[in-house]
Undergrad: 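Starting off with a structure, shown below.
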Amino acid sequence: MDQGNENTLEVFKLVSEEEIEKHLHKKQKRARKRARETGQEGLSENVTRTVEDEIQRLSPTKLSSKIRSFDCIVDSAEIAKIVCHLSNNTLELQSLNIKEKKPVAECVTKLSSAGHRSDVRSVCFSSDNTAVLSTSGETMKVWNRTTQQCIRTIDCEYGLCSMFAPGDRHAIIGTKSGKLQIFDIASGSLLENVEAHLGAVWSVCMSPDKRGIISGSADKEVKFWDFELITDEKYSKTSKRLTLVHTRTLKMSEEVLCVKYSPDQRLVAVSLLDSTVKVFFADTLKFFLSLYGHKLPVTCMDISSDSSLLVTGSADRNVKLWGLDFGDCHKSIFAHDDSIMCVQFVTKTHMFFTGGKDKKLKEWDGDNFEHIQTLEGHHAEIWCLAVSPNGKHVVTGAHDKSLRIWEKTEEPLVLEEEKEMEREKEYEEAIADGEEPVVPGEADSEVGMAGKKTVETVKSAEKLMEAVEVYREETAKYKDHEAECKRTGKELPPPQLHPLFQAYGVSTPAKYVLEIIRRIKSSELEESLLVLPFSYIPDLLGLLSMFIDNGWEVELTCRCLLLLLRIHHGQITSNQVMVPVIEKLKTNTSSKVGELKDIIGFNMAGLQFLKQQMEQKEELKFFADATDRFSQKKKKQKSKAVLAFKT
């Protein structure tokens, strides 16, 4: 089977050998008939076996949406059952009879009512912690928290924010079109469409006395609403229904992104598109504080239960904690790797949760400004979160169209262990990405070169430069000698060895340079190569290539080669003369290192085998010694017993 970027599923059948032979036999018959009709009976027309004969393409199946994944089983009756996971979060079961000549897939069943078809944009808990309300682009769903089952699905407009009304029997949705929709959860019916704003309603918040709500919109207005029970014959002739009555309006200078009441109902906080948060007195709507410091708009905020702290999350990836007494910023924390979309305090504590576009949910301590833990599970951006009134559960909604419920356990959490685990995870991710993790104290992992220039490193660099110059002179002498031999046609005596060659016990200029490199201390090698002028590097790279070809000190040569490439990368790559040398090094280095690894591996295996044999021999000797001691002990006991009997 094959799936593409479209909503088409293609099914292929692997044909058995018997069927292939039958098909080829028929093709041969048709070919002969065609030859007789065309008058070319004498000519043999060969029928070759093709891929189409082995793999048969069945009729493609169109589904209701793009395919994310699928699985297939074939039962004894040769009926293929294919389950498809679609991009709109639905499951479809297709049935296909393979025996038919032109099989057509039929949709047997579809599972679509459980989850959302689009992004989950808002979530909230009921007052008794038992129900969860979630909204998306087309539906509102009510879930049972304990069983995780969807108990009610109601069609609605694009819901950006939501809340349970007092009593948990009604739900209020703020929509993208600027309406406030009131739903009766028991009957699943829409009670009223309130034309609240001219722009999208980004945030709603219930007043602490539960007598009304406030709404903030993109039309630059904050509106205050009161709950009221009215008689509606369409709803019921005997009972009244809930409605919202507009009481006050607070006009702002920018679009409103979030609104919050302080739990003591003294203040109202409003976050604006200009990256500031304005705080007003709730009773008079007089201006109290302006909180500024974020570089990008504040997308979410919350106020602690004691009305002393305000936490804000922004698209600049920072979380800021503010004191509501004087509006001072207590702490600014770089919290996520992408925009922060939701934040909420845990009831009666200064702990709070944040969710962002980096797919992570994080818990923080607002008193000590410490990161407590990171919860991962979502496969896409987290849009919303809600903390239960008892603080034991957190629910999150994301771009992957899923809801996730997190439960507080009794297991103690140690911050140091969490930090250590996070560091280990970052280290593993860096290795998986092919990056070299920075380890303090290790020269290869730090940005700068380890150590500093000393007298020893300068002397080593001077010796290396002198060796390269001697190599140039002696190589020129040998070339002149060869040319003279060719010119005269005689084997002339070789030039006299350089005194330094005799002193170091070498016979060629290349081995002399290798001996000088080998005598440089390992700790001084990096700095010695670092201070070398670039005019010596082409000759040195050529020598290193020669060392690797001959298999001389491969490990040391590779270390020098990598260091030179790191130090002079720009100049080496821009020099066309050095391209052949680099290409040769590229091929030879990997092969020689591979040979060295094979030798080491073979030797290690041999040593392991010898170790096992020695251990087995030692065990035998040990037991032999033990039996000898036991027999000697028995002899002594017998002799003592005989003496005692005699006495």
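Since we're looking at a predicted model, the values are computed, not measured.
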Undergrad: Give me the atom names and distance for the closest heavy-atom approach of Leu267 to Asp264.
TA: N-OD1, 4.4 Å

Undergrad: Checking Lys81 against Ser95: is there a side-chain donor and acceptor pair closer than 3.5 Å?
TA: no

Undergrad: For the residue pair Gln344 / Asp302, report whether a side-chain donor-acceptor contact shorter than 3.5 Å exists.
TA: no

Undergrad: Can you give me the closest heavy-atom contact between Ser217 and Ala200, atom names plus distance?
TA: OG-O, 3.0 Å

Undergrad: Answer yes or no: are there more than 12 heavy-atom neighbours, outside Phe287 itself, under 6.0 Å from its atom CZ?
TA: yes

Undergrad: Leu309 versus Leu324: any side-chain heavy-atom pair under 4.5 Å?
TA: no

Undergrad: Please examine the side chains of Ile230 and Lys240, heavy atoms only from C-beta on, and report whether any two atoms are closer than 4.5 Å.
TA: no

Undergrad: Would you kindly say whether Glu228 and Thr243 are connected by a side-chain donor-acceptor distance under 3.5 Å?
TA: no

Undergrad: Which pair of heavy atoms, one from Met140 and one from Ala171, lies closest together, and at what distance?
TA: SD-CB, 3.8 Å

Undergrad: Once you measure the plane-to-plane angle for His399 and Trp383, does it fall in the parallel (<30°), tilted (30-60°) or perpendicular (>60°) bin?
TA: perpendicular

Undergrad: Report the C-alpha distance between Arg117 and Glu138 in whole Å, list the side-chain angles of each, state the deciding distance to 0.1 Å, and finish with yes or no for salt bridge (Lys or Arg N to Asp or Glu O under 4.0 Å).
TA: CA-CA 8 Å; Arg117 306 279 77 76; Glu138 68 289 325; 5.9 Å; no

Undergrad: Can we call the ring centroids of Phe281 and Phe288 under 6.0 Å apart?
TA: yes

Undergrad: Check the pair Thr276, Ser290 against side chain to side chain donor-acceptor pair (under 3.5 Å), reporting the backbone distance first and the verdict last.
TA: CA-CA 7 Å; Thr276 63; Ser290 179; 5.1 Å; no

Undergrad: Within this structure, what is the SG-CH2 distance for the pair Cys161 and Trp202, rounded to the nearest 0.5 Å?
TA: 9.5 Å

Undergrad: Give a yes or no on whether a salt bridge exists between Arg423 and Glu420, defined as a side-chain N under 4.0 angstrom from a carboxylate O.
TA: yes

Undergrad: Answer yes when Lys110 and Glu92 have at least one side-chain N-carboxylate O distance shorter than 4.0 Å, and no when they do not.
TA: yes

Undergrad: Does a side-chain heavy-atom distance below 4.5 Å link Cys124 with Val132?
TA: no

Undergrad: Is there a side chain to side chain donor-acceptor pair (under 3.5 Å) between Asp168 and Ser127 once you walk through the steps?
TA: CA-CA 7 Å; Asp168 299 332; Ser127 58; 2.6 Å; yes

Undergrad: Evaluate side chain to side chain donor-acceptor pair (under 3.5 Å) for Gln149 paired with Asn144, printing each intermediate quantity in order.
TA: CA-CA 5 Å; Gln149 296 297 317; Asn144 187 314; over 6 Å; no

Undergrad: Specify the closest pair of heavy atoms between Gly391 and Val346, including all atoms of both residues, with the distance to one decimal.
TA: CA-CG1, 3.9 Å

Undergrad: Could you check whether any side-chain heavy atom of Val123 comes within less than 4.5 Å of a side-chain heavy atom of Thr396, counting everything from C-beta outward?
TA: no

Undergrad: Thinking salt bridges, do Lys179 and Glu157 make one under a 4.0 Å N-O criterion?
TA: yes

Undergrad: Mind listing the closest non-hydrogen atom pair of Arg241 and Glu192 along with its distance?
TA: NH1-OE1, 3.1 Å

Undergrad: Yes or no on side chain to side chain donor-acceptor pair (under 3.5 Å) for Glu418 and Gln373, after CA distance, side-chain angles and deciding distance?
TA: CA-CA 7 Å; Glu418 289 292 321; Gln373 61 178 332; over 6 Å; no

Undergrad: Among Val108, Thr61, Thr109, Val83, find the residue that satisfies the side chain to side chain contact (heavy atoms under 4.5 Å, CB included) test when tested with Gln94.
TA: Thr61

Undergrad: With a 4.5 Å limit on heavy-atom distance, are the side chains of Thr90 and Ser65 in contact?
TA: no

Undergrad: Just wondering, do Thr312 and Trp322 contact through their side chains at under 4.5 Å, heavy atoms?
TA: yes

Undergrad: For Ser162 and Thr135, indicate whether the former's side chain and the latter's backbone hold a donor-acceptor pair under 3.5 Å.
TA: no

Undergrad: Which residue is it: Trp364, Phe352, Phe353? I am looking for the one with a ring pair (Phe, Tyr, Trp, His ring centres under 6.0 Å) to Phe345.
TA: Phe352

Undergrad: Roughly how far apart are Ser203 OG and Ile214 CD1, rounded to 0.5 Å?
TA: 7.0 Å

Undergrad: Which heavy atom of Asp184 sits nearest to which heavy atom of His170, and what is that distance?
TA: CA-CD2, 4.1 Å

Undergrad: What is the distance from atom NZ of Lys278 to atom CG of Leu289, rounded to the nearest 0.5 Å?
TA: 10.5 Å

Undergrad: Is any side-chain heavy atom of Leu310 less than 4.5 Å from a side-chain heavy atom of Val277?
TA: yes

Undergrad: Do Met301 and Val311 come within less than 4.5 Å of each other through their side chains, counting heavy atoms only?
TA: no

Undergrad: Ring-plane angle category for His197 and Trp225, please: parallel below 30°, perpendicular beyond 60°, tilted otherwise.
TA: perpendicular

